[in-house]
Amino acid sequence: MLKIYDTLTQSKREFKPMVSGKVSMYVCGITIYDHCHIGHGRTFISFDVIARYLRYKGYDLTYVRNITDIDDKIIARANKNGESSTELAERFTKIMHDDFASLGMLPPDIEPKATESIDEIIEMIEALIEKNFAYQGTNGDVYYHVPVCKDYGKLSKQNIEQLQAGERVEVATDKKNSMDFVLWKMAKPDEPKWSSPWGDGRPGWHIECSAMTKKILGNQFDIHGGGSDLQFPHHENEIAQSEAANECCFANTWIHTGMMQVDREKMSKSLGNFFTIKDVLSKFRAETVRYFLLSSHYRSQLNYSEDNLKSANSGLERFYVALSDLDLANLPEMDRSSDYVKRFETAMDDDFNTPEAIAVLFDVAKAINRSKDNEPTEALKLASVLVGLGEIIGIVQQDPQTFLTQAVGNEEQDNEKIEALIIERNQAREDKNWTKADEIRDKFVEMNIILEDKNGKTTWRRG
RNA sequence: GGCUGGGUGGCAGAGUGGCCAUGCUGCGGACUGCAACUCCGCCUACGCCGGUUCGAUUCCGACCCCAGCCUCCA
């Protein structure tokens, strides 16, 4: 039985989709104007694993992840670069796709863009005005009037009075209430714009997600996710807009991921303490990064550090060392009734507990190592479990030798030279010239390469 | 100030009212020409103070500390 922690009710609840066997999931993607950093990677890898596991459980999943491709920051950056906001957004969308793919993420089923949903956005704003949840200010901007929403704050457990008490000084606007937020913003000269009943302009932040969920998944759907920093105000405002406009409950389960930290501080653009996915991939293998991101629970904060990445790499090597020397080409089907599989599923059923699930994989690896020499059939069966379970979370899918010998990040790939030196050393060993053999091995150490003499064969891997 | 989440062994990180987490590192042993890998074994834990209980790291209360949100944010 799958249980998911729901932010709205602050509890783990048994997951029951609205339509038996089908799941609709909407995840807030990014506002695209720059490179993605590893914090983005963390969130979307979490949802990648959630999507993979839902499918493994047999659900027919529709996974939607949007792109917000029009917003003040995009316009500002495009102006600075001397390109159009469309060009900027398209350029970085491509880069994002590459980055996400290199981390082993499967693409979402649908990836809607705000600029392709303007009609739906306008329709929803019209509905909100008609139902008296929104109004047009004297400057032409259209606002959502928060005090009209009687349960505003239910997701983030805030109430309006407290929020107003803590509000920061802001420039004068013609909002009726300081909590009111923009639905439609009038265009200034030379800004991108779409025509609307209120004048040429663009959608405010928040409304695009309400419009896109409705367009693609309907008024109500199973899962809505995103980073925990979106809980307030973004998701709170989505709820306010959608439930008012649709007169219907919005998402049934809310999933929020924990923030990546650097030196115990949130990684963010404004603090400048971020590492882009490309930065990290220049130093570590993509699979190591993925494993690192899954090695803590998706809801907890995760501290970025190179030591943690190195430790993650060592852990992953353990899996591949266990799999090496096995006839992986003839792997049997994974036996889903195996105890390991059951333990893995129990862990994942408990709010996608990947650290616990990975612990099961290490137990499988140990069992493989024990049986490798004397029970090859058993070892191969266990290997099928390791590879099969690894696939569900997107790790341990490479050829072991490839993983263990591939160059890391910026390292030079010089396998031929390595193989030649190994032959030279083995000749020395045959001649019982231990001094020379050890000298050659010292060279390898300098190259950060570890040799292993096993069963009369020498293999190597990068340390 | 309000609202959330959290404080576990050298590090990372799960979890549980009484029994092994797991990984990385370190130490001892087996294996090895020597190593490496692997296997076997070992080490130091549950922020602090009370309470409930036969028994609490796990439940309750107070306190201390950390992070996130309350501005754009994954």
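Below, chain A is the first sequence line, B the second, and so on; all start at residue 1. This structure is a prediction, so every number in the text was calculated from the model and none was measured.
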(request) Classify the side chain of A:Arg264 versus the base of B:A67 as yes if they form a donor-acceptor pair under 3.5 Å and no if they do not. (result) no

(request) Tell me yes or no: between the side chains of A:Asp349 and A:Thr346, is some donor less than 3.5 Å from an acceptor? (result) no

(message) Can you see if the side chain of A:Arg429 gets near the phosphate of B:C34 - specifically, an N or O under 4.0 Å from OP1 or OP2?
(response) no

(request) Write down the partner of B:A67 under the Watson-Crick or G-U wobble criteria, each distance required to be under 3.5 Å. (result) B:U4

(message) Taking only side-chain N and O atoms of A:Arg318, does any of them lie within less than 4.0 angstrom of OP1 or OP2 on B:C39?
(response) yes

(message) Rounded to whole Å, please give me the gap between CD in A:Gln231 and P in B:U4.
(response) 10 Å

(request) Measure the distance from CD on A:Gln301 to C1' on B:U4 and round it to the nearest whole Å. (result) 11 Å

(message) Can you confirm if the aromatic rings of A:Tyr63 and A:Tyr26 lie within a centre distance of less than 6.0 Å?
(response) no

(request) Report yes if a side-chain nitrogen or oxygen of A:Lys310 is closer than 4.0 Å to either non-bridging phosphate oxygen (OP1 or OP2) of B:A12; otherwise report no. (result) no

(request) Please state how far atom CG in A:Asp351 lies from atom P in B:A14, giving the value in whole angstrom units. (result) 12 Å

(request) Could you check how far CG of A:Leu230 sits from C1' of B:A74, rounded to whole Å? (result) 6 Å

(request) Output yes when at least one side-chain N/O atom of A:Asn369 is less than 4.0 Å from OP1 or OP2 of B:C39, else no. (result) yes

(message) Can you say whether a donor on the side chain of A:Lys454 sits under 3.5 Å from an acceptor on the base of B:C37, or the other way round?
(response) no

(request) Confirm from the modelled atom types if A:Asn353 and B:G15 form a donor-acceptor pair under 3.5 Å, side chain to base only. (result) no

